[in-house]
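What follows is a set of notes on a single structure, which appears directly below.
Numbers here are sequence positions counted from 1.
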Amino acid sequence: MTAARYAYRLEGPAADLVHALKYEGWREAADFMSRSMTRLLSDRGASEASEVRSEPGIVVPVPTTGRRERARGYNQARLLANGFATSTGLRLRSILLRAGSEGSQTSLSLDERRENVRGVFSLSENDRAVLPGTRVILVDDVLTTGATACEAAQVLASGGAASVLLLTFARALPGGGTGQSKKAA
């Protein structure tokens with residue numbers, strides 16, 4: 001992963017929106033959330049915004065578990081990715097597949113989260129050819145420990161992605177720290 005960006009800290013109204021989208025079936029929240037994510041990159045300056053919009057580039061949602069998608073009726077990351085892709089003119093490609101990792105990660109430690117998502121992502125055979133040399137914007141709703149995002153980014157990089165930028169609506173910060181972006185190591 002090249003870098004990670006988030007629009008809000010996971011607290012107050014931002015946390016309420018994430019909860020409404022994920023657990024209360026409020027799909028309409030994705031519109032505001034994806035606009036906030038688009039604005040985030042626009043606010044970071046013309047250079048980064050134009051870099052995001054330059055080709056080749058695709059927007060890839062982090063897939064949720066099959067059980068969660070069936071229960072919700074949608075993948076919240078895909079709704080956010082669709083809104084972001086529409087507003088930036090980039091192509092949305094659901095090239096990541098997810099198997100396993102059916103349990104919730106909310107109560108797991110960092111090491112348990114890493115283990116829970118190890119090896120769960122793969123690339124769609126039909127879409128594998130679009131990845132080499134492509135800049136990817138990986139979209140999810142929340143960045144907590146980074147275990148899921150790192151695992152997904154690793155699969156994208158091994159498939160030939162030129163770079164992977166993680167973009168989320170919110171970031172759960174340990175100890176309530178501040179900051180709007182973090183360069184990945």
Side-chain angles (χ1 to χ4, degrees), residues 1 4-8 10 14-41 52-53 56-106 113 116-117 119-131 134-157 159 161 163-172:
M1 192 163 30
R5 305 274 186 264
Y6 59 93
Y8 295 97
L10 187 63
D16 293 342
L17 280 171
V18 169
H19 191 272
L21 177 64
K22 284 179 94 158
Y23 304 112
E24 296 173 22
W26 193 22
R27 294 177 191 218
E28 297 80 10
D31 294 335
F32 170 80
M33 294 166 74
S34 64
R35 283 194 311 272
S36 297
M37 295 161 68
T38 302
R39 226 178 7 262
L40 167 70
L41 291 186
V52 164
R53 289 179 176 89
I58 59 174
V59 177
V60 176
V62 172
T64 190
T65 65
R67 183 174 2 149
R68 294 236 186 254
E69 189 163 352
R70 284 187 300 278
R72 285 186 190 118
Y74 58 89
N75 172 2
Q76 72 279 1
R78 190 172 202 303
L79 293 177
L80 295 172
N82 185 56
F84 179 79
T86 299
S87 65
T88 60
L90 293 172
R91 292 174 298 150
L92 175 68
R93 298 298 291 259
S94 295
I95 63 174
L96 280 175
L97 303 175
R98 184 173 188 152
S101 178
E102 290 294 328
S104 173
Q105 298 213 123
T106 56
R113 284 173 182 247
N116 193 43
V117 295
V120 301
F121 296 110
S122 62
L123 294 173
S124 162
E125 288 299 322
N126 294 338
D127 293 318
R128 187 179 292 269
V130 303
L131 202 49
T134 301
R135 292 187 19 253
V136 174
I137 299 175
L138 181 63
V139 174
D140 207 353
D141 57 342
V142 176
L143 171 61
T144 304
T145 64
T148 300
C150 286
E151 187 71 19
Q154 183 176 11
V155 169
L156 293 165
S163 65
V164 179
L165 167 68
L166 174 67
L167 181 61
T168 65
F169 173 71
R171 169 72 164 106

Inter-residue atom distance [X].[atom1] - [Y].[atom2], 0.5 Å rounding:
X: Leu21; Y: Asp141; atom1: CG; atom2: CG; result: 6.5 Å
X: Leu97; Y: Ser124; atom1: CG; atom2: OG; result: 5.5 Å
X: Leu167; Y: Thr38; atom1: CG; atom2: OG1; result: 7.5 Å
X: Leu92; Y: Thr86; atom1: CG; atom2: OG1; result: 7.5 Å
X: Leu96; Y: Arg78; atom1: CG; atom2: CZ; result: 12.0 Å

Are any non-hydrogen side-chain atoms of [X] and [Y] less than 4.5 angstrom apart?
X: Leu165; Y: Leu138; value: no
X: Leu156; Y: Phe121; value: no
X: Ser94; Y: Pro63; value: no
X: Arg98; Y: Thr148; value: yes

Self-check item: side-chain hydrogen bond (donor to acceptor under 3.5 Å, both in side chains) against Asp16, all qualifying residues, sequence neighbours excluded
Solution: none
Quiz item: Excluding sequence neighbours, so at least two apart, what forms side-chain contact (heavy atoms from CB on, under 4.5 Å) with Ser36?
Solution: Ala7, Tyr8, Phe32, Arg39, Phe169
Quiz item: Who passes side-chain contact (heavy atoms from CB on, under 4.5 Å) against Thr64, sequence neighbours left out?
Solution: Arg68, Glu69, Arg72, Asn75
Considering all heavy atoms, the nearest [X]-[Y] contact:
X: Leu123; Y: Arg128; answer: O-NH2, 3.7 Å
X: Ala29; Y: Leu17; answer: CB-CD2, 3.9 Å
X: Gly25; Y: Tyr74; answer: CA-OH, 3.3 Å
X: Asp140; Y: Ala77; answer: OD1-CB, 3.6 Å
X: Leu79; Y: Ala30; answer: CB-CB, 3.8 Å
X: Ser34; Y: Gly83; answer: OG-CA, 3.6 Å

Self-check item: Derivation of the side chain to side chain contact (heavy atoms under 4.5 Å, CB included) call for Thr88 and Phe84
Solution: CA-CA 6 Å; Thr88 60; Phe84 179 79; 3.7 Å; yes
Self-check item: Whether Arg93 side chain and Ile58 backbone form a donor-acceptor pair below 3.5 Å
Solution: no
Quiz prompt | Backbone N/O of Val59 and side chain of Arg91: donor-acceptor pair under 3.5 Å | solution = no
Quiz item: Would Val60 and Val164 satisfy side chain to side chain contact (heavy atoms under 4.5 Å, CB included), going step by step from the backbone distance to the final call?
Solution: CA-CA 10 Å; Val60 176; Val164 179; over 6 Å; no
